[in-house]
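Residue numbering restarts at 1 for every chain, and letters A, B, ... go by the order of the sequence lines.
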Amino acid sequence: MSVKIQPVKGTREFYPEQMALRNFINDKVRAASQAFGYVEWDAPYIEPISLYAAKSGEELVKKQSFVFTDRGGDEVTLRPELTPSLARMIAAKQGELTFPVRWWSFGPFWRYESPQKGRSREFFQWNIDLLGADSPEADAELISVAATFLRSVGLTPERATVSVNNRKLMISQFDALGVPPEKRMDVSNLVDRRSKMDADKWDAYALEIGLTQSQLDGLKAILGNYELWKESAELVRLFAALDALGVKEYVKFDPNIVRGLLYYTGTVFEAFDMSGSVRRAILGGGRYDNLLADVGGQPLPAVGFAMGDVVIGIILQEAGLVPEFQPSPALVLVTVFDENLRLQSLSLATELRRAGINAMVYPEPAKLPKQFKFADKMKMKVALTIGPEEAANGQVAVKSLRTGEQVNVTRDAAVEKIRELMLNA
RNA sequence: GAGCCUGUAGCUCAAUGGCAGAGCGCCACACUGUGGAUGUGGAUGUUGUGGGUUCGAAACCCAUCAGGCUCCCCA
């Protein structure tokens, strides 16, 4: 009796079509990263749990990590994020690296959460970081990389935008309202929740955490003031740089963006899909100037962001931006006319491959209609046939599956004819 | 971790306690030297799984698994 073994909850199986989407995202990520001079790197997929204990927050470590004890008795985990590994690796070579460091990575991560739309337990994530530069122009570069990626996959500014804010600006605004420093986190949390709660409940919650009515009114004024960035010298420089970088239309200031992570110190940003069904951030990041010092390295300013493959994958599919799937990497089918001519088909295919053309041979001498139907389903461009006539004359029948035109050429001329048809296809 | 919704053919979905169906797709033939179009015919299945109620369950009840939505968190 066979029992169906299901895949682990929250994992995805990548059939060729899904694999093509994953590779499409990976290719665009690589191109956007390399266009700005970032170099690829990676860290171990299994890490000691203690690596995350310091800075990642209890939620991530205790509830969302795949933790297990290895045979030696050590507590390890499948990595839930990359930044702690980055901090460790940078700190270890801080004396020999040439700064500023520009690194990117695209790899698997695991988080033990309940799977739902836009979230799985095993996912791929693009991480990209610039370490050793603390200017607003450096922040702008990362935002520009993000916008360049969005543009490269065909997402227009109407469809996807990057919302930007600055933690320092918000803190100074909170201070001006008379919010005590120990309440900053609570207020940030409050801001983060605004879009998810009813207005009345949000007001009540604000008063509950200790804001006065006048502070609440002041906070609302701040969150509705989309010109507030003009009061931040950093943001003024940031937007000037974004203009020069040619991505201004993708970016807007939004005082409601605060982001959950504790370690952000200045600029923070998130990209959203404005029209799709996924109400989750496509990517998010910001400046984290204290992290290296916090994990024992020399102080080092840093800015970066991360993008998961799940949300962007859904958005690209919904927007119809995923390239048509090509079922076979071979665009040429060599048919097999009959048993006697089978070896001629095999040797013809070999000639094509030696000329650099991917070619597939039908595995058996089936009826020609069946073989042509197969080529059609595989979305191939060209079908070749060597029948008794062609074999007698040293020729090959070359048919374009797009136009339906067929010509007989000598075997020597076949490669050139196929190249011509594939260019036009 | 908590609450709610869903699960029927490969896919999208019907059937509300009384013979499990349609469209699309698939296979064969028309067409034994040529795909897409058309026509004709064919197969779709332990109704997620396991129990229970009932003369009778796809439907009602319980459990379980999977998926979705929300809270939480975040990519």
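A donor N or O paired with an acceptor N or O is found under 3.5 Å between the base of U34(B) and the side-chain atoms of Lys399(A). Contact of Gln406(A) with U34(B) (side chain to base): a donor-acceptor pair of N or O atoms is detected under 3.5 Å. Remark: the Glu270(A) side chain and the A75(B) base include no donor-acceptor N/O pair separated by less than 3.5 Å. Side-chain atoms of Glu113(A) stay outside donor-acceptor range of the base of G1(B), with no qualifying N/O pair under 3.5 Å. Interface remark: the Arg119(A) side chain does form a donor-acceptor pair with the C73(B) base, using a distance-only criterion of under 3.5 Å.
Rounded to whole angstrom, the span from the NZ atom of Lys9(A) across to the C1' atom of G1(B) amounts to 12 Å. Residue Glu122(A) contributes atom CD, which lies 22 Å from atom P of C74(B) at whole-angstrom precision.
Backbone-only engagement by Pro115(A) is indicated by non-hydrogen atom pairs under 4.0 Å involving sugar-phosphate atoms exclusively. Using a 4.0 Å heavy-atom criterion, one finds that Thr83(A) contacts no nucleic acid atom at all. Counting non-hydrogen atoms under 4.0 angstrom, Gln371(A) reaches nothing in the nucleic acid. Within 4.0 Å (heavy atoms only), Phe305(A) reaches no atom of the nucleic acid at all. If you check every strand for non-hydrogen atoms under 4.0 Å, Gly313(A) touches nothing. Within the 4.0 angstrom heavy-atom criterion, no nucleotide atom of any strand lies near Ile312(A). Looking at heavy-atom distances under 4.0 Å, Glu405(A) makes no contact with the nucleic acid at all. When heavy atoms are screened at a 4.0 angstrom cut-off, Ala375(A) is found touching no nucleic acid atom at all.
For A9(B) and C4(B), the C1' atoms lie 29 Å apart once the distance is rounded to whole Å. Taking atom C1' on both C13(B) and U8(B), the two are 9 Å apart, rounded to the nearest angstrom.
In this structure, Glu182(A) places its CD atom where more than 12 heavy-atom neighbours from other residues, nucleotides or ligands lie under 6.0 Å away.
G1(B) and C71(B) make up a base pair, with Watson-Crick or G-U wobble contacts both under 3.5 Å.
Under 4.0 angstrom from either OP1 or OP2 of U34(B) there lies no side-chain N or O belonging to Lys370(A). Residue Lys377(A) places no side-chain N or O under 4.0 Å from the OP1 or OP2 atom of G25(B).
Nearest-nucleotide positions on RNA chain B for Gln125(A) and Val8(A) put Val8(A) closer to the 5' end. Residue Lys367(A) is the one, among Thr403(A) and Lys367(A), whose nearest nucleotide of RNA chain B lies closer to the 5' end (criterion: closest heavy atom).
Using cut-offs of 30° and 60° for the angle between ring planes, the Phe305(A) and Phe269(A) rings count as perpendicular. Using the six-membered ring where Trp is involved, Phe124(A) and Phe106(A) have ring planes that are parallel, under 30° apart on the 30 and 60° scheme.
Remark: ring of Phe123(A) overlaps the six-membered base ring of A75(B) in a stacked fashion, centroids less than 5.5 Å apart, planes less than 30° apart.
Only one option out of Ile282(A), Val311(A), Ile257(A), Ile315(A) pairs with Phe272(A) in a side chain to side chain contact (heavy atoms under 4.5 Å, CB included); it is Ile257(A).
Judged by distance alone, with hydrogens and angles left aside, the side-chain atoms of Asn165(A) form a donor-acceptor pair with the main-chain N or O of Pro255(A) at under 3.5 Å.
The distance from atom CG of Leu155(A) to atom CG of Leu316(A), rounded to the nearest 0.5 Å, is 5.5 Å.
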